[in-house]
Protein chains: 2
Amino acid sequence: MNLSVAEENYIKSIYKLQEGDEAVSTNALAYELDTKPASVTDMAKKLKEKKLIEYEKYQGIVLSSDGRKAALQIVRRHRLWECFLVDKLLFSWEEVHELAEELEHVRSEKLTNRLSEFLGNPVLDPHGDPIPDANGKLAKPRPQTSLDQTNAKRLVVTAVTDQSTALLAFLNAKGIKLGTQLEILAHYEYDNSIEIKLKQQPAITISEQVAKHIMVRPV
Amino acid sequence: MNLSVAEENYIKSIYKLQEGDEAVSTNALAYELDTKPASVTDMAKKLKEKKLIEYEKYQGIVLSSDGRKAALQIVRRHRLWECFLVDKLLFSWEEVHELAEELEHVRSEKLTNRLSEFLGNPVLDPHGDPIPDANGKLAKPRPQTSLDQTNAKRLVVTAVTDQSTALLAFLNAKGIKLGTQLEILAHYEYDNSIEIKLKQQPAITISEQVAKHIMVRPV
DNA sequence: AATATTATTTAGACAAATCTAAATAATAAA
DNA sequence: TTTATTATTTAGATTTGTCTAAATAATATT
């Protein structure tokens, strides 16, 4: 099955949006891909033809098992390149997403596997997301919740679920990265903000908007 | 100037074919790019519009100075990725051309320069071709001739001018790679073949067809 | 339940890159 | 120099991926 770059991007985005088993809506996918709903409908027909998705009009989109397999390969390539860029070329973690977005489309199993080996077969990418292995198996992520929903007070940052440069740069400025330990001081309900404190740092306040993208686990 | 992948491939091929200052013909370019002459004419008009080539109908194609600049950037990326694949991912030199063909289209100066640094700013790629620096300056290649035209007898292989997997695999099988030292035993005129001998190896015979792609210099 | 709103799809168009077949120009051969 | 051959271009079609505007379906509101 030979996928175009456009098809790969659709598959990847469907995979990303398809939390649990609910179908992905045309609108959500259009927003994610920065395109128009009409274009999504067009592409949905093609991907259904290729048996990569299940799609009936007005019913949303679900990956087929072939589609899921393809998605995992793309995600694997993306995350391995992110590791390469951060570990070997010394990029900072918020810079690498867009570059990996391009590198991921070089479809060579041999290259992917050699790259993985070169990097020491990493299991997590620089954002803390798990890297599928050559067979598409995903390591079970350790239990984590978003910062705005946890009850625990002392936490460690395990992942960031929004890859946008803006957010990652923001976190960088605040000194928050993977593995950063922090303490929740207070939730303020009236403006949905959270007051947190990093070690050896004054307390800072972050919005729920930001907090929901920071994944943490108790420490 | 933002070039599409197709445009980059044209620019690169024109650069490759434009030995000296003679214009590249529509047919030659079509053959090189494995496409049809009509398609070349179409693209020539676009590239002229973008001022990357000089082109008048029936007169062939020459790179403009902008075009040459673009070509050197593409060549730089291609050759750096080849180094990466051979030096770091342990690919053999005949495998890397096609992969580099894809990787070269990731247009990020920062990535290119970091990659170069990571590799120790190499000056030659695994095939012995010089790598343009960040400003597009090409190191002057050391004097070399093709194996079928030299007068010297004891030689060292400095480059291979045909990147086809077939030729590179053939050379590999014969034990010929960059830096290999060899001795010319005889030229046979009646079938244009050359008898050569590698150190600690029995003599072998190769055709002029092959020899003309092997660049050497006296040792 | 009727109406308004939102989501989705269809129809038709467009740009990029390619192709085939036919026309024209340049070059080589007689 | 006329004719044949080869190279190149044009005209028109095709594919992929996208778009806008209009139509239709699903959902929410009154």
Side-chain angles (χ1 to χ4, degrees), chain A residues 1-15 17-19 22-63 67 70-71 74 101-102 104-107, chain B residues 1-15 17-19 22-63 67 70-71 74 101-102 104-107:
Chain A
M1 182 76 66
N2 246 356
L3 302 188
S4 69
V5 169
E7 288 169 334
E8 283 198 344
N9 283 331
Y10 272 88
I11 292 295
K12 193 177 49 146
S13 292
I14 297 165
Y15 177 83
L17 295 180
Q18 194 187 316
E19 298 285 324
E22 28 182 342
V24 175
S25 78
T26 305
N27 259 5
L29 195 47
Y31 182 78
E32 171 71 22
L33 285 161
D34 193 22
T35 185
K36 297 289 179 291
S39 308
V40 172
T41 302
D42 291 344
M43 182 59 95
K45 290 175 188 165
K46 290 179 204 160
L47 295 176
K48 183 188 179 181
E49 199 57 39
K50 294 194 170 191
K51 299 194 191 308
L52 292 164
I53 62 171
E54 282 154 37
Y55 167 68
E56 295 302 330
K57 53 163 129 165
Y58 297 106
Q59 301 306 128
I61 295 171
V62 186
L63 286 180
I74 303 164
E101 204 89 321
E102 302 199 48
E104 75 190 6
H105 297 297
V106 179
R107 285 164 284 265
Chain B
M1 182 76 67
N2 246 357
L3 303 187
S4 68
V5 169
E7 289 170 333
E8 284 199 342
N9 283 331
Y10 273 88
I11 292 295
K12 191 177 50 145
S13 292
I14 296 164
Y15 177 82
L17 296 180
Q18 195 186 318
E19 298 287 322
E22 27 182 344
V24 175
S25 78
T26 304
N27 259 5
L29 195 48
Y31 181 78
E32 171 71 22
L33 286 162
D34 194 23
T35 184
K36 296 289 180 290
S39 308
V40 172
T41 301
D42 290 344
M43 183 59 95
K45 291 176 188 164
K46 289 179 207 161
L47 294 177
K48 183 188 178 180
E49 198 59 39
K50 294 195 171 189
K51 298 194 192 307
L52 292 164
I53 62 171
E54 281 155 36
Y55 167 69
E56 294 302 330
K57 52 162 124 165
Y58 297 106
Q59 302 304 129
I61 296 169
V62 186
L63 286 180
I74 303 163
E101 205 88 321
E102 301 200 49
E104 74 190 7
H105 296 298
V106 178
R107 283 165 288 264

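These figures come from a predicted structure and were not determined experimentally. All values below were derived from every heavy atom in this structure, side-chain atoms included, with hydrogens, water molecules and symmetry-related copies excluded. Order of the sequence lines sets the chain letters (A, B, ...), proteins ahead of strands, with each chain counted from 1.
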Engineer: Mind checking if A:T41 touches a base, just sugar-phosphate, or nothing, with heavy atoms under 4.0 Å?
Structural biologist: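 Base: the residue A:T41, judged by heavy atoms under 4.0 Å, touches a nucleobase.
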Engineer: Can you see if the side chain of B:K45 gets near the phosphate of D:dT10 - specifically, an N or O under 4.0 Å from OP1 or OP2?
Structural biologist: yes
Engineer: Run the side chain to side chain contact (heavy atoms under 4.5 Å, CB included) test on A:V24 and A:V62 for me, step by step, so that the C-alpha distance in whole Å, both residues' side-chain angles and the decisive distance to 0.1 Å come before the verdict.
Structural biologist: CA-CA 6 Å; A:V24 175; A:V62 186; over 6 Å; no
Engineer: Quick one: is A:N27 getting a side-chain N or O under 4.0 Å of the C:dT8 phosphate, OP1 or OP2?
Structural biologist: yes
Engineer: To the nearest angstrom, how far is B:E56 atom CD from D:dT8 atom C1'?
Structural biologist: 14 Å
Engineer: Quick check for you: to the nearest 0.5 Å, what is the distance between A:M43 atom CE and A:I14 atom CD1?
Structural biologist: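 Output value for this atom pair is 9.0 Å.
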Engineer: Supply the atom-to-atom distance A:Q59 CD to A:S25 OG, rounded to the nearest 0.5 angstrom.
Structural biologist: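 So the CD of A:Q59 and the OG of A:S25 are separated by 12.5 Å.
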Engineer: How far apart are the closest heavy atoms of A:I74 and A:E104, and which atoms are they?
Structural biologist: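 For A:I74 and A:E104, the tightest heavy-atom pair comes out as CG2-CD, 4.0 Å.
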Engineer: Scan nucleotides 25-29 of chain C against the protein and return all N/O pairs shorter than 3.5 Å with their distances rounded to 0.1 Å.
Structural biologist:
from   : atom 1 : to    : atom 2 : distance (Å)
C:dA25 : O4'    : B:Y58 : OH     : 3.4

Engineer: Are B:K12 and B:E101 ion-paired here, with the side-chain N under 4.0 Å from a carboxylate O?
Structural biologist: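 Judged by the 4.0 Å cut-off on N to carboxylate O distance, B:K12 and B:E101 do form a salt bridge.
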Engineer: Respond yes when some side-chain nitrogen or oxygen of A:Y55 is under 4.0 Å from OP1 or OP2 of C:dT8, and no when none is.
Structural biologist: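 Checking A:Y55 against C:dT8: no side-chain N or O falls below 4.0 Å of OP1 or OP2.
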Engineer: Would you mind reading off the distance between A:L29 atom CG and C:dA7 atom P, rounded to a whole angstrom?
Structural biologist: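 One finds 15 Å between P of C:dA7 and CG of A:L29, rounded.
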Engineer: Which heavy atom of B:E8 sits nearest a heavy atom of B:L3, and at what distance?
Structural biologist: CG-CB, 3.8 Å
Engineer: Write down the distance between OH (B:Y31) and C1' (D:dT6), rounded to a whole number of angstrom.
Structural biologist: 17 Å
Engineer: Given side chain to side chain contact (heavy atoms under 4.5 Å, CB included), test B:S39 with B:Y10 step by step and report yes or no.
Structural biologist: CA-CA 11 Å; B:S39 308; B:Y10 273 88; 4.0 Å; yes
Engineer: Counting C-beta onward and ignoring hydrogens, is there a side-chain heavy-atom pair between A:I61 and A:L17 closer than 4.5 Å?
Structural biologist: no
Engineer: Once you round it to whole Å, what is the distance between P of D:dT15 and CD of A:E49?
Structural biologist: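 These atoms are roughly 14 Å apart.
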Engineer: Starting at atom NZ of B:K48, determine the distance to atom C1' of D:dT9, rounded to an integer number of angstrom.
Structural biologist: 14 Å
Engineer: Looking at A:E102 and B:R107, does any basic side-chain N land under 4.0 Å from a carboxylate oxygen?
Structural biologist: no
Engineer: What does the list of N/O pairs under 3.5 Å between the protein and nucleotides 18-20 of chain C look like, with a distance for each?
Structural biologist:
from   : atom 1 : to    : atom 2 : distance (Å)
C:dT18 : O4     : B:D42 : OD2    : 3.4
C:dC19 : OP2    : B:T35 : OG1    : 2.5
C:dC19 : OP2    : B:K36 : N      : 3.2
C:dC19 : OP2    : B:S39 : OG     : 2.5
C:dC19 : N4     : B:D42 : OD2    : 3.1

